[in-house]
Amino acid sequence: MKKAHEDIVGGHTIAGRRVLIRCITWKGTSRRSFDVLDAETYEELTDESFDAYPTDEQIKDVLNADELVALAEGIGLTPEDLDEAVHETASKRASEVNNGGLAAQIDYLVDAFGPKGTRSIIEDCRPKPR
């Protein structure tokens, strides 16, 4: 999907840190996504966009994650140091989604690939005629 336009739609100060909220509207859809930016540098602080304007609690979570990255870098961790924890967590999440049934799987795939990408995956998984 291509961006139609981006706008700064809000600002917050949380735990003494000023952030901005950017809204992206996607071409050809009514879909919007929201990112949290550092107000001074305009650095994007969100790894994944929000589907709705983020709450103060969600913004706090983003800021906490940013602080945790700084902590990990400060103590000299490399990405390889967290590989096992990430693999275990992703595997557990995949099991939860798969155990949730077809609707949960499709919701998960739509979040990851959008409706068009999910349609392609579904069609690729169509059982072959015998």
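What's counted below: heavy atoms across the whole structure, side chains too, no hydrogens, waters or symmetry copies.
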Next item on the list: Using a cut-off of 6.0 Å, state whether more than 12 heavy atoms not belonging to Phe50 lie near its atom CZ.
Entry: yes
Checklist line | Expected output: side-chain Asp81 to main-chain Thr78 donor-acceptor under 3.5 Å | finding: yes
Checklist line | Interatomic distance, Leu20 atom CG to Leu37 atom CG [nearest 0.5 angstrom] | finding: 6.0 Å
Notebook entry, point to check: Asp107: what forms a salt bridge (charged side-chain N to carboxylate O under 4.0 Å, His left out) with it, not counting sequence neighbours?
Noted result: none
Next item on the list: May I ask whether Val69 and Val86 are part of the same hydrophobic cluster, defined by side-chain heavy atoms of I, L, V, M, F, W, Y residues being less than 4.5 angstrom apart, directly or through others?
Entry: no
Checklist line | Straight-line distance of Glu43 CD to Thr41 OG1, nearest 0.5 Å | finding: 5.0 Å
Check: For Arg32, does its backbone N or O pair with a side-chain atom of Thr25 as donor and acceptor, under 3.5 Å?
Finding: no
Margin query: Could you go through His12 and Ile21, starting from their C-alpha distance and side-chain angles, then the distance that decides it, and tell me whether this counts as side-chain contact (heavy atoms from CB on, under 4.5 Å)?
Written below: CA-CA 8 Å; His12 298 265; Ile21 307 301; 3.8 Å; yes
Check: Under 6.0 Å from the CD atom of Glu40, do we count more than 12 heavy atoms belonging to anything else shown?
Finding: no
Next item on the list: Test Ile14 against Asp56 for side-chain contact (heavy atoms from CB on, under 4.5 Å), laying out the working first.
Entry: CA-CA 8 Å; Ile14 298 195; Asp56 284 354; 4.0 Å; yes
Note to self: Within the supplied structure, the quantity of interest is the number of heavy atoms (other residues, nucleotides, ligands) at a distance under 6.0 Å from Phe113 CZ; does it exceed 12?
What the structure shows: no
Notebook entry, point to check: With distance as the sole test, does Thr118 use its side chain to make a donor-acceptor pair with the main-chain N or O of Gly114 at under 3.5 Å?
Noted result: yes
Notebook entry, point to check: Below 4.0 angstrom, N of the basic side chain to O of the carboxylate: do Arg17 and Asp66 qualify?
Noted result: yes
Note to self: With side-chain contact (heavy atoms from CB on, under 4.5 Å) as the criterion, how do Val9 and Phe34 come out once you've worked through the C-alpha distance, each side chain's angles and the decisive distance to 0.1 Å?
What the structure shows: CA-CA 9 Å; Val9 294; Phe34 297 85; 4.2 Å; yes
Margin query: Starting from Leu82, can I reach Leu68 by hopping between I/L/V/M/F/W/Y residues whose side chains sit under 4.5 Å apart?
Written below: yes
Item checked: Residues forming a salt bridge (charged side-chain N to carboxylate O under 4.0 Å, His left out) with Arg18, sequence neighbours excluded -> none
Margin query: Once rounded to the nearest 0.5 Å, what's the spacing between atom CD1 of Ile59 and atom OG1 of Thr13?
Written below: 10.0 Å
Check: Strictly by modelled atom types, are Thr55 and Glu57 linked by a side-chain donor-acceptor pair under 3.5 Å?
Finding: no
Next item on the list: For Ser95 and Asn98, run side-chain hydrogen bond (donor to acceptor under 3.5 Å, both in side chains): C-alpha distance rounded to whole Å, both residues' side-chain angles, the deciding distance at 0.1 Å, then the answer.
Entry: CA-CA 5 Å; Ser95 291; Asn98 287 334; 6.0 Å; no
Check: How many angstroms lie between CD1 in Ile106 and CG in Leu109, if you round to the nearest 0.5 Å?
Finding: 7.5 Å
Margin query: Hydrophobic clustering (ILVMFWY, side-chain heavy atoms < 4.5 Å, transitive) - are Tyr108 and Ile122 grouped together?
Written below: no
Notebook entry, point to check: Is Ile8 reachable from Leu63 through a run of hydrophobic residues whose side-chain heavy atoms are each under 4.5 Å from the next?
Noted result: no
Next item on the list: Taking the side chain as every heavy atom from C-beta outward, state whether Leu71 and Leu77 have any pair of such atoms under 4.5 Å apart.
Entry: no
Notebook entry, point to check: For Ser33, which residues count as a side chain to side chain contact (heavy atoms under 4.5 Å, CB included) partner, sequence neighbours excluded?
Noted result: Ile24, Trp26, Ser49
Check: For atom CD of Glu80, is the number of surrounding heavy atoms from other residues, nucleotides or ligands below 6.0 Å larger than 12?
Finding: yes
Check: So do the side chains of Lys27 and His5 get within less than 4.5 Å of each other, counting heavy atoms only?
Finding: no
Checklist line | Atom CG of Asp47: over 12 foreign heavy atoms under 6.0 Å | finding: no
Note to self: Show, in sequence, the C-alpha distance, side-chain angles and deciding distance for Arg22 and Tyr42, and conclude whether the side-chain contact (heavy atoms from CB on, under 4.5 Å) test is met.
What the structure shows: CA-CA 10 Å; Arg22 175 180 62 199; Tyr42 284 82; over 6 Å; no
